[in-house]
Structure formats: C-alpha cells, structure tokens
Amino acid sequence: MKKTPMILQLALILFCIMAIPTAILTWYSGSQIIQNSEAAIGESTLAGLNGSRRLNENALANLAQDTSRLAATNIFDRIRSFGTYDEINANYNNVSLALSVTKELLNLNRRVDGVYSSFFYLNDSDYVFSTDSSITTLARYEPIGWIAEALEGRRGISGVWVPRKLASGENVVSYVYPLNRLSTTTRGVIVVNMKESQIGKYLHATEGGDSNYLLLDAAGTVISFNDRSMLLADSRKLPFLQEILSQEASEGYTFRKLDGKRTVYAWSRSSVSGWWNVSWSSMDELMTKSREMQGNIILLTGAIIVLGTLLAIFLATWLSRPLRQLVQAIRSKIDLGVVNKNELAFLNLAFKRMQEEEESLFQLLQEREQDTRSLAVHRLLRGEIPPRITEVFPHACYRVVVVSIDQYRRYVGHTNVETRSYHRYLLSAKYENVFPGGLVARCVYHNEGCTVIVLNFAPVEGEADGGLIHQALEEIRDQSLELLEHSVTIGVSERTDAPERVALRLFEAMEVIKRRMIKGAGSIMYWHDEEDHGRKYLDSESSERRILNFLDAGDLAGIFKELQSIRSQISSEEHISYDNIMFIYYQLMGATIKHLRENHLGTGRMIMGRGNVYSILAAMDTLDELEEYLYDFYCEIVQSLDRSTHESNYAQRIMEYLKQNYREEIVFEDMAKQIGISYSYMRKLVYEQTGSSMIDFVNQLRIEQAKELLLDSGLTIKQIAAEVGYANVQSFNRFFRKYEGMPPSGYKSAKSKSS
C-alpha cells in the first residue's frame, strides 16, 4: 500500500461499500420484479385455467351422473318388449309408456344448462326416443352408426364423451351411455348432446381481455374454441400447440412470442377424461406497471449513490482523526522502520508484530502445561516413566479408574462431534475436582467413550479414604448421567506403588468394565485378584437347534423362551468371562445365518440390510441388549417368511378368479376388494406371476378359448366373440389380431389347411 492519503482511501472504501451493493441490489431487484411478475401472471393464468377446467368437468360429471341415475330406473324396462315402431303405435297404453320415456329425457335436459337434445335407442329396434323429434323411426332420424365406434375400447360401465357436429349444423359434445347389466336387463344406449357453446362459457368463465381458450380431446382434436372454423379440426395447426401437447407435465405455463408480442401459454390436462385445456394471453399490457416500477427504482438508486458519496467523505474525515493520533503515539515509542507508508499500513504492520509475539507466548504456555499434565498421564498409561514425574504425581501409590459411557453407539448417534468434545472437556474438569483433598486425580480421554482417571495418593491416606473415594465415584456416576443423559459404568483397578505398573492397572480397570455384561449398566465395580478370569465354554448347541426349529415353525414365543434360557445359563455361571459370553452369541448368530442361507433364500436381503451383525453385537454392553436385539432379529425373519406365504396365497386366488370369470366384464377394483387386498398390490402380484398386465392376461385367456372354439365348434365368429366376453365383433377382431398376428377367419383357414 503506497503512501496514498488515508482520508481518500477511507472515502473510496466507504463509497464502494455503499454504492456497489446498492447498484447490484437495484439491478437484481429490477430483474426479480420482472421475473416474479411474469411468474405471478403465469401462475394466475394457470389457476384460472384450472378453475375453468374444474367448472366444466363438474358440469359434465353432473350430466353423466344424472344420465346414470336415469339408466338405473325401470323406465326403460317398460318398453323393452317393443321391437318396432309399429308395436309402439299399436295401442294407447304402448304410446303412453313411450311418451313417459321421452318425458324423462326432457327432464334430463333441464337438469344441466346447455343441453341441446338427447335420445334413447333400444338395441335391435327400428326407432328412437328423442327430445327433438319425439318418437321416430331410425330412417327419419340422424344416423347413429357412430355410436358403435365411440363405444369401442370402452372400459368399465361408464359412458364416453364424443365431440361431433349434428346434421342441423350445431356443434355438440355427446355423452354416450349404454345400459349395463348391473342396473337393468334392458339393452340400449342413452345419448345426451351438450352444446359446444355452453362448454365455451365454462372455459371462458375466468378469462378476460384478449385471452383465447381451447379445449382438445386426447388426440388433439378441437372440441371448443373462439374460432368456430377450427372446431373438430387438428389443433396442431395452431402456433405452439404441438409443443404443448408433447409436454410430459399434466399442467404448466410457458412464455412465447406470437406475432411479435410476448404471450403466456397455460395448459392443464384432465386426469379424468384426458382432455387438454389451453389458454393464451398477451403479456405487454400486463407488464406495464412492473416496468414503470423498475424505472422508478433506478432513479431512486442514483439519488442514493450521490448522497452516499457525500456521506462517505464526511465519515472518512471523522474516522481518520483518532487513527492518525494513534499512529503518532506508536511512532514516538517504537521504531518499526516503516517509510513511504500511510497510517493504515503502519498500524497493520504494528498489529502483526504484536500478534506474532502473543502467539509465541501462548504456544510456550500451552507446551508447558501439556508436558506437565496430559502428556505425562498418557505416557504413564503406556507403561513409560515420564521425566519429572513427581511434579505431576507426588505420592507413591496409584489406582486407575475407567469411566465408560453405557450404550456408547446410541450416545454417538444422538450427539454431534462438537457436543461430544464439550462433554469430554466439562466432565474431565468435574472428575478431577470431585475427589477429596490430599488425593491427586489426573483425567484423560482414552477411546470409545472411556475416560481414564489416574489417582495418586499416599498409602495411609488411600486406605483411610476408601469410603470417600467410593462416594466420589458415585458422584461421578450421577453427574455423568445428568449431563450425558446416559448412564456410565465405572471400573476400578487394584492399588500399585510402582509407576511402571500403571499400564497393567489400566488393563485391570478395562477388564472390570466388561462385567457390565452380567451386572448391568450404571455399576461401580472393583478388581479382585482371587476371581477366576479364565474362559469357561458353555454348550448351547441344543438351544441353537431348538431356536432354529421354532424359527421354521414361526413360533416367536418358543424363541423368546430359549433366549431367556441361554441368558439364565450365563447368569448362573460364576466368573464367566466376557469373551465366553460373546462367543456363545456369535455362535448362535452364525448358526442362524447359515440356516437361513440354506433354507430361506428370501430373507437374504433383510440380513444384508442390517450391516455387520457381529460388530453390532460386540458394541452391546449388557445381556438385556443382546437378548432384545436377537429377539427383534428373529421377529423380522418370521414376518418376512409370513409375507412370502401370504403373497403366494393371494396370487393363487387371483389366478383362479380370472380363469373362472374372464368371460364376464370384470371391474378390477371390485375384484381386489372381494379378495381383500388393494388394487395396486393385486396388479403387482399378477405382473410378477404372468409378466403381463391384468387386462392383457384376461384378453390372452379369452383369445386362447376363442382359438379352441374356432377349431372345435360350429359357432360363427360373432357367437364366439360373445361367448368369450367381447361386446362386439370389431373388438374381438382387434384383440385377436394383436395376440395372434392375423384375424380369426385367417387363423381358422390356416389351421384347417395344415390339418
């Protein structure tokens, strides 16, 4: 930093601090206003479109519901026997019954706004009941041949919506609803014609200005549009419609340029009918206020920058005065050899020199403390005699205490690294200060949740204060539980008067901790030389065999009883070693895993998902934890085996049901309820068993039966189609060609020639 006036530097710094963020904030806020405005307009347009779509869907749904209710009445059963127009006009009673049907159709028209007309056609008759022509013959009415094509491929018992143009020139959307066997034995079709203009009113209900709306069917054909000339035409001729119809998302909005104007397009696809609702509006008028706001913000920012410049000069002058006085005072006392530098550079160098001196002093103090305490304790625990040991441990006798956190893995899972470090620091300070006076306690962290306390005392004092030491250990246990919210187990070694044997005493205290397996967590235990610490193997092979037999039988009560038996046998053994206990449970786990791999392959993934089960067992502290973990392990295996058995039973019931009822019109949701499972689970089981969807599997059953009837019976193709469950010959031909690659007649001819 060259010798530039400090006032000028401060002024420049303050100016940059105020001006640059202000300019960036202005630019960013302006762009965000534009973006957020566009996003808000897009969301609002989409919300309006969805509102119009729901309004239209509700109206059509109400009409469909009213039609199905009419079909469920017995009004059509009264005229089922009238096969011809002449039979209706044969007497007054017949005419009266026919007029009642026409009256119900008129009532249906009045329930929903915008219905143009409706009619009913009785299968195999030569007349129709209509609201526009009353009762008339088919020859005098408009052609109805389009109905069969509209119903082809229909699923379930609901009707279908068909956009079309009537002979009168009126554009309508017709609801075609065939009577079904669930509500009546009469066979016929109800057709209700909804005006396209009424649908346009629903769609345009939330639009305004120069907005355009568009309703398309799943194939992209225009159902309703402002431009009447485009009705029933291909919508892909319109700008950007091909791009919108190819979107994977069922709804959304986008911005495009149309005729030099920025336009927002919104689309929403109905999950019920698969129809597309599309609207588009110009953005220019909508964005006028946002652009005016952006310009005002830029002007305001310029004024703020000018005022900030003046304020920066004033602050720089005011702030630099005490700094100059401080530099003069330092130069009068210390010669740093700084020339051609301004006041800021001089202060920076002076503070660096002071920081270096402070760090060196702190490092010396830290090294001194580490040499005299922690380092000495660690070396002593390794079996080394540290230099100047009497400064840290002035007395002749030693005893090692190990404080181990119970269920350490759970403690680690509930706390982060910083919290655990804080706990170690705080507990170390508490442990060293809790023992009675005249006794030196040095505390260090060992590993895996274990803290080691080296007690140093005179022989007489140590023996006399044994009760006080135990009280201090109880206080350590209580304080640890309060802070950690986990209990601790404390192991105490024998006394020694040789510093080089402190490492052996550490081993004794660690071995005492392992007794926690039998005595439980939260204990204070002491080492005794007279105990038998050798291994004693316990034979648990018979218990293993019984557990595996209970596992195959799914008897969890038997497994629990055997686990309790193993635990009782271990608890009854005096002086059993920790390694012996772990060997017993390792052997049981190994036998179980081997048995599962040899007999139950389906449980392999569950075992792999548990990780290293032997490491998990080794991390447990008590027999309670081991028993609980193993019982949960066996419960999960039994549940896994039960699920496999249930899936096999359900799959068998589903296959039998489909093979018995494939000729009928199966409603899969009702079938799933009858079996007692969900529809999605039933689809999964069928796919796993057959490799096909449920619809494909039913059609395959039908086609296989049709192939036998074609070769072994004298039935016509129409009769065979009805026999195997198809409503018409066209559907039968289409599915037969799909699965066999040829029509039914071609298949019959080919088999006849080959035979």
Side-chain angles (χ1 to χ4, degrees), residues 41-42 44-61 63-64 112-117 146 150 160-176 192-247 249-283 285-286:
I41 290 171
S44 175
T45 304
L46 179 59
L49 184 65
N50 279 326
S52 300
R53 176 180 59 78
R54 286 191 289 270
L55 182 63
N56 183 42
E57 287 180 351
N58 289 338
L60 298 182
L63 180 58
V112 178
D113 294 337
V115 176
Y116 181 77
S117 65
W146 58 272
V160 295
W161 291 94
V162 181
R164 63 194 187 95
K165 188 173 184 178
L166 300 179
S168 62
E170 181 73 26
N171 286 94
V172 297
V173 180
S174 299
Y175 181 64
V176 184
V192 183
N193 299 315
M194 170 72 78
K195 293 181 181 179
E196 179 276 332
S197 58
Q198 182 64 32
I199 293 178
K201 290 180 181 179
Y202 293 141
L203 297 177
H204 208 54
T206 59
E207 302 292 341
D210 58 349
S211 300
N212 295 276
Y213 67 90
L214 185 62
L215 178 63
L216 316 172
D217 64 9
T221 303
V222 177
I223 299 175
S224 182
F225 188 34
N226 307 47
D227 187 356
R228 319 300 295 177
S229 63
M230 287 293 294
L231 295 178
L232 302 182
D234 187 0
S235 64
R236 292 174 176 82
K237 299 177 182 178
L238 295 172
F240 306 116
L241 259 294
Q242 176 66 35
E243 177 184 349
I244 290 175
L245 294 180
S246 62
Q247 294 285 339
S250 60
E251 65 176 34
Y253 60 87
T254 185
F255 300 96
R256 295 289 183 271
K257 279 193 174 182
L258 181 62
D259 298 332
K261 296 181 180 180
R262 188 166 173 78
T263 305
V264 56
Y265 280 81
W267 72 89
S268 176
R269 188 174 189 180
S270 172
S271 60
V272 178
S273 62
W275 289 359
W276 292 84
N277 293 67
V278 184
S279 69
W280 61 92
S281 307
S282 174
M283 291 288 294
E285 181 178 352
L286 299 173

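Computed from a predicted structure; not experimentally measured.
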> Which distance, rounded to the nearest 0.5 Å, do you find between the NZ of Lys165 and the CG of Leu232?
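One gets 8.0 Å once the value is rounded to the nearest 0.5 Å.
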> To check you understand the geometry: which heavy-atom pair defines the closest contact between Asn277 and Leu49, and what is its length?
O-CD2, 3.2 Å
> Taking only residues two or more places apart in sequence or in another chain, which ones pass side-chain hydrogen bond (donor to acceptor under 3.5 Å, both in side chains) with Asn50?
Arg53, Glu251, Ser268
> Using side-chain heavy atoms (C-beta onward) and a distance below 4.5 Å, is Val172 in contact with Tyr116?
yes
> Could you check whether any side-chain N or O of Arg269 sits under 3.5 Å from a backbone N or O of Gly274, counting only pairs where one atom can act as donor and the other as acceptor?
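A pair under 3.5 Å: yes.
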> Could you tell me whether the side chain of Leu215 reaches within less than 4.5 Å of the side chain of Val222, counting heavy atoms only?
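Sidechains of Leu215 and Val222: no contact.
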> Please round to the nearest 0.5 Å and tell me the distance separating atom OG of Ser224 and atom NZ of Lys201.
11.5 Å
> Using 0.5 Å steps for rounding, measure from the CD atom of Gln198 to the CG atom of Leu60.
10.0 Å
> Within the structure provided, determine whether Met194 and Tyr175 are in side-chain contact (heavy-atom separation under 4.5 Å).
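They are not in contact (no side-chain heavy atoms under 4.5 Å apart), so the answer is no.
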> Can you give me the closest heavy-atom contact between Val160 and Ala150, atom names plus distance?
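Looks like CG2-O, 3.8 Å.
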> Tell me the closest heavy-atom pair linking Ile223 and Asp217, and the distance in Å.
CD1-N, 3.5 Å
> The test is side chain to side chain contact (heavy atoms under 4.5 Å, CB included); show your working for Thr254 and Trp267 and say whether it passes.
CA-CA 9 Å; Thr254 185; Trp267 72 89; 3.9 Å; yes
> Kindly give the heavy-atom pair with the smallest separation between Phe225 and Glu196, and that separation in Å.
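Heavy atoms only, the tightest pair is N-OE2, 3.5 Å.
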> Which atom pair, heavy atoms only, marks the closest approach of Ser279 to Thr45?
OG-CG2, 3.8 Å
> How long is the gap from CZ on Arg164 to OG1 on Thr221, to the nearest 0.5 Å?
15.0 Å
> Should the pair Trp275 and Trp161 be assigned to parallel (<30°), tilted (30 to 60°) or perpendicular (>60°) ring geometry?
perpendicular
> Leu238 versus Leu214: any side-chain heavy-atom pair under 4.5 Å?
yes
> Is the backbone N or O of Ser52 less than 3.5 Å from a side-chain atom of Asn56, with the two atoms forming a donor-acceptor pair by type?
no
